[in-house]
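Encoded as structure tokens, the structure appears first; notes follow it.
Every chain is numbered from 1, with letters handed out A, B, ... down the list of sequences.
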Amino acid sequence: MSSGSGSLMWFRKGLRIHDNPALEYASRGTTRVYPLFVIDPHYMEPDPNAFSPGSTRAGINRIRFLLDSLADLDSSLKKLGSRLLVLKGEPSQVLIRCLNEWDVKKLCFEYDTDPYYQALDNKVKNYASAAGIEVFSPVSHTLFNPADIIEKNGGRPPLTYQAFLKLAGEPSWASSPLSVELSSVPPVGDVGTCEISQVPTLKELGYEEEDQDEFTPFRGGESEALRRLRESLSDKEWVANFEKPKGDPSAYKKLATTVLSPYLKFGCLSSRYFYQCLKDVYKNVKRHTSPPVSLVGQLLWREFFYTVAFGTPNFDKMKGNKICKQIPWNDDDKLLAAWREARTGYPWIDAIMVQLRKWGWMHHLARHSVACFLTRGDLFVHWEKGRDVFERLLIDSDWTINNGNWLWLSCSSFFYQYNRIYSPISFGKKYDPNGNYIRHFLPILKDMPKEYIYEPWTAPLSVQTKAKCIIGRDYPKPVVSHDTASKECKKKMGEAYALNQRLNGVVSEEDLRKLRRKSDEVDEEQEPKPRRLRQKLIK
DNA sequence: TAATGGTTGATGTC
DNA sequence: GACATCAACCATTA
């Protein structure tokens, strides 16, 4: 209540001690701090109807990563004289109850641009303000405040990376030291009748024991984030010469990137601290790469997408999204399922989808391959469907970045060269001619000779037999022929682009239906008639 | 209005 | 390994 004297520190992302302005503010000038995390059952508890182990919203790997992060945060808070209070329930209800029952005069939490948090935070903020509780909600998830960039650009987000760079410049805090140390946190106050629990284990949340092999090799938490950061930064040459597009997507033993994305997503690692560390490395080397390809460039891509997403209504949809091309995607659940379940019959694609299941992480270019294949490259399935699969299964899935990249890859926004299609055969081959990556994630193909491993359906039956993998029985035949499917996709994209141009982006449901019908008719003309029908015609 | 440049394609030629 | 070709996109800038 307004008469309170303590602070409530509400953790959501930003699961860290270092560079955490909300926590710092909560700890200042007060004798009691309540560090709270709310477990939303919808996000955390098992949903037996979901297509993979996990909750309604998240796959088990990301839930595990989050639990690791919470346990690590709790342990760090304990070292500072505090602890993490875990409560279960619908977050706004839980928050409001805590504000009512506890001795709170300040409510502190990191500002969040995701629509989910915008709505939730407004509810909580309104309640707190009405109750006379001070609200402190700083921007610390990103380097910049997206609203500032949009304002600088006259109220509209920049739509190219280069335009973004010019507007953004150096972040305002770049030259002053960040507060990365916190010596203590005031003790927890009286929690009244609230049922506080420990950070649960997966088992306590109701998950079955899973085979260890099914879990991601990446552990969550700030400690692990900082360890990984230091490990990456220790190779100064590597940091200085980093060029993202030159990374090898098929590398699975020594990875081509830092794999700090999941830690940035949950805020186990501060993007600002990461930025400063990188700049420190640059200062001490003769030359270094630059955005967009450098490591700093990667952080700025994140900022770019955060800015556009924040300034674009319906950013996560095709309909009602002003920057999204309206394209007559199909709704083929069989093709979607084949892609999702790693049985497209293209080993390069399927291996990547297995890595997604098992690790919850793949190289950026591997993501490109499978996203292109599902949408504009081969299957012509709606990007929103692929987005949903990634959102669930990735440990680093971030609402803004995931949607931004699906818009990009499907040539719906940002990138428009739909003629450039990743080949599901030759793209992987150029990095990994022996197919080691495929053999690792698709062991059924481990004895397939390298001449056939990217196209096993072309292997003579004797070779298939010797490799103990009969195509069509042990491993599926291709769901589509890449040559014909990709040609058709290009044609459909061309038609859709022409329509968008003609109608100036205002494309109705009916327009899309017409376009779908039109291309179906053309298909029928070109496709050979089914054999029986043809025989009838011959008679 | 026209010119410019764009994180990461595939293929064939030299 | 570099380059042109494919076909011709877009947002931004001059």
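Comparing A/N419 and A/Q501 by the nucleotide of DNA chain C whose heavy atom lies nearest to each, the residue mapping closer to the 5' end is A/N419.
A/R513 and A/E510 are joined by a salt bridge, as a carboxylate oxygen and a charged side-chain nitrogen come within less than 4.0 angstrom of each other. Using a 4.0 Å cut-off between a side-chain N of Lys or Arg and a carboxylate O of Asp or Glu, A/D398 and A/K13 do not qualify as a salt bridge.
Side-chain proximity of A/W408 to C/dC10, B/dT7, B/dA10: nearest is B/dT7. When each of B/dA10, B/dG9, B/dT7 is scored by its nearest atom to the side-chain atoms of A/P292, the top-ranked nucleotide is B/dT7. Ranking C/dT12, C/dC9, B/dA10 by closeness to the A/Q417 side chain, first place goes to C/dC9. Proximity note for A/H368 (side chain, C-beta onward) versus B/dT8, C/dC10, C/dT12: the nearest is B/dT8. Side-chain proximity of A/L159 to the nucleotides C/dC10, B/dT8, C/dT12 is greatest for C/dT12.
Look at the P atom in both B/dT7 and C/dC6: the space between them is 24 Å, to the nearest Å. Rounded to whole Å, the separation between the P atoms of C/dA4 and B/dG5 comes to 15 Å.
The aromatic rings of A/Y454 and A/W348 sit tilted, their planes meeting at an angle between 30° and 60°. Ring planes of A/W329 and A/H382: tilted class, angle from 30 to 60°.
The side chain of A/Q162 contributes no N or O atom lying less than 4.0 Å from OP1 or OP2 of B/dT4.
Here A/Y497 does not lie in a stacked arrangement on the base of C/dC9, lacking the combination of planes under 30° and ring centres under 5.5 Å apart.
Among the protein residues, A/P158 comes within range of the sugar-phosphate backbone only, with heavy atoms under 4.0 Å from sugar or phosphate atoms but none that close to a base. No contact: A/E243 has no heavy atom under 4.0 Å from any strand. A/F427 comes within contact range of the sugar-phosphate backbone alone, with a heavy-atom separation under 4.0 Å but no base atom that close. Looking at heavy-atom distances under 4.0 Å, A/K430 makes contact with sugar-phosphate atoms alone, never a base.
A/L407 CG to A/I323 CD1: the interatomic distance, rounded to the nearest 0.5 Å, is 6.0 Å.
No option in A/Y263, A/W361, A/F218, A/F215 other than A/Y263 meets the ring pair (Phe, Tyr, Trp, His ring centres under 6.0 Å) test with A/F65.
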Writing each nucleotide of DNA chain B 5' to 3' as (, ), [, ], | or . by Watson-Crick or G-U pairing under 3.5 Å yields ||||||..||||||

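In this model, a donor atom of one side chain and an acceptor atom of the other lie less than 3.5 Å apart for A/E110 and A/S140.
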